[in-house]
There are 2 protein chains.
Amino acid sequence: MGRRVTIGDVAAHAGVSTATVSRVINGGTVAEATATRVWEAVTRLEYTPNALTRSIFAGRSSTIGVVIRDLSSPFYLDLMRGIEEVAATNDSLVMFANTFRHVDLDVAQVRAMDEQRVRGLVVTTGEASDKLTRRMAERGTPCVIVARTVPDPVPGMHSISLDNVGAGRLMAAHLARCGRSAVGVVSSGPRPSQVERTAGLRRGLADAGLPLPEEAVTVAEDEEGADLAVGALLAAGQARGKPLDAIVCTAGWLTVAVYSALVARGVAIPADVAFLTMDDFPWAATLGITAVDQPSYEMGRRAAELVVEAPEDAVEIVFEPALVARRSCGEQQ
Amino acid sequence: MGRRVTIGDVAAHAGVSTATVSRVINGGTVAEATATRVWEAVTRLEYTPNALTRSIFAGRSSTIGVVIRDLSSPFYLDLMRGIEEVAATNDSLVMFANTFRHVDLDVAQVRAMDEQRVRGLVVTTGEASDKLTRRMAERGTPCVIVARTVPDPVPGMHSISLDNVGAGRLMAAHLARCGRSAVGVVSSGPRPSQVERTAGLRRGLADAGLPLPEEAVTVAEDEEGADLAVGALLAAGQARGKPLDAIVCTAGWLTVAVYSALVARGVAIPADVAFLTMDDFPWAATLGITAVDQPSYEMGRRAAELVVEAPEDAVEIVFEPALVARRSCGEQQ
DNA sequence: CTGAAAGCGCTAACAG
DNA sequence: CTGTTAGCGCTTTCAG
């Protein structure tokens, strides 16, 4: 198993100094003959340069750090793919940490990334880590906050988000167009994106003369909560004497849970209830589910590009949502 | 933005030597008073230790490398979550690279991981990188190959896989039990797992007195190919005068494509054709899709544990598949 | 074009 | 208990 071969071993084997080996590998000016000899030694000894040591000189590594809330959500998954794609074309690797939606885990993870001296960081978690990322940005590590805007960005601290109010309006308009009037909402927690989407939905509905009473907005922390929420929403409509004719899910990762809860209760979609959700996903087409989609892959790409390009100022990019209309909200009228 | 603060800065600020600071941080024997002074300097200067430099001493970093074929496949996604979970509980980060199913990209990525001196490596790609991983294992970096067995493993080179022949047999038995007799297969490429599953299926079918002619096994490279394959399978059955009554998909990432192709062609599942696939996934329950599942999350955990525990010998773990029976193959008879 | 020497930020003996 | 002295593996002046 033995000691790993170092640049010194190669130098000795090729009869040159370590400086020369370094130059050969990094493309400095070296005599042809010397270079050949060095490369020979490199292959013979199977020398693999130590990227860690190299990074010490650069002051930072070449990897891109990513702290993600929930890999299994279609949004974050595509985001990740966008990031990875850009990283790959820039000879970077991605250092990855998943908070599994546990709040506060992210602070430790961001810190770990900082210790790893990542080239830049993409963060999709809450505001708890903002203090840290702000400091990182000030010290020259570009940080990109995804899925929300940043209160007071400092130079090097960027944000990539969706026009969530617009997304809500898009949903409202489509529902109105489809002749639905009694909508219930399943949202997830108090995160800005959720609040904004609900607000946009409410405003859009109001514009169409439709109400969205407080009690028609439920919150689900997990799959089970979503099932409960759907039950409650349906029951309340029944009790009110005006049954729900539409259910909106404002969080992509809850789509399966909400849709399945509906199906399990024998609700006919869209005959009884229209179903509208966030984030398009592979099965949506076949299931005929209408969704308001965000360009998650592209957002990932832009995030990684911001890390690579490291612009001086704070950049704030807001993407526009798009409606992908299918069958689950019925015919437009 | 300025220079990053180093251990030297902290030492100067606290009026001690760098060695003492190092000891304070890593928990050596230091006088209470000194320690307090050092910690004060650490917080005041917002010192963040450089994990890169630290790793130089350890000879390797504490991160776990993962080279994955295709993040969007349910199997690899859950595998990744299992790995990440174990990494997190071991204060490790995960360094990640996606080959996007491009063959040969993995060699470069494995090499990059080696340069990063990862603590260990989990590889889910083809045999092209085996030469490299074998060498890494010999030099003390545990490598875990997932989703296939390794021809001649060296110490430190492990494998985690599924009993694919068993999976094929499980499928065959279920189909036979459901009274299906004319099955078609959509598989993906010539990877060992695919070949083995098809072989197991064939043997299982034979045991039940059912044939699986060569032409009933199609190969799809991508979603479009899957659609074509389904079309061809259906047409061939028609031409033969004996229409297909079951379609098996041996690759989890093709499930959407194959299922959707069936639906798009107006095929009734399971009335006309039974549908059976590999790898359970969130939507399967609601869609009533029957699947042969592998414990992907657990496999990820074991893979990461092998990296962390780094056993001397080569470990080969074969997991057993499990049938998750739902509606898509009809009633059992 | 190439080598010697001085570090990068940190840890690990070894004295004291 | 703490400072001094060597390095870890590599890059980078600076001479020659």
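Lettering follows sequence order; numbering is per chain, from 1.
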Checklist line | Charged N-O contact under 4.0 Å between B/Glu115 and B/Arg111 | finding: yes
Note to self: Using the side chain to side chain donor-acceptor pair (under 3.5 Å) criterion, which residues pair with A/Arg302? Sequence neighbours excluded.
What the structure shows: A/Glu305
Check: Mind checking which nucleotides bracket the chain B contacts on DNA chain C, 5' to 3', with an atom under 4.0 Å from a heavy atom?
Finding: C/dG9 to C/dA13
Notebook entry, point to check: For B/Arg148, what residues pass the side chain to side chain contact (heavy atoms under 4.5 Å, CB included) criterion, not counting sequence neighbours?
Noted result: B/Glu127, B/Asp130, B/Ile145, B/Pro192
Item checked: Sequence-distant partners of B/Phe57, side chain to side chain contact (heavy atoms under 4.5 Å, CB included), two or more places apart -> none
Notebook entry, point to check: Can you name the nearest heavy-atom pair linking B/Phe96 to B/Asn98, along with the distance?
Noted result: CZ-CB, 3.8 Å
Please report, to 0.1 Å, the donor-acceptor pairs under 3.5 Å made by any side chain of residues 30-42 of chain B, with sequence neighbours excluded.
{"from": "B/Thr36", "atom 1": "OG1", "to": "B/Glu32", "atom 2": "O", "distance (Å)": "2.7"}
{"from": "B/Arg37", "atom 1": "NH1", "to": "B/Ala14", "atom 2": "O", "distance (Å)": "2.6"}

Notebook entry, point to check: Can you check side-chain contact (heavy atoms from CB on, under 4.5 Å) on A/Ser55 and A/Arg117, steps first, answer last?
Noted result: CA-CA 9 Å; A/Ser55 301; A/Arg117 298 293 189 266; over 6 Å; no
Note to self: Protein within reach of the bases, or only the backbone? For nucleotides 7-16 of chain D, mark each nucleotide 5' to 3' as B, S or -, using heavy atoms under 4.0 Å.
What the structure shows: BBBBBB----
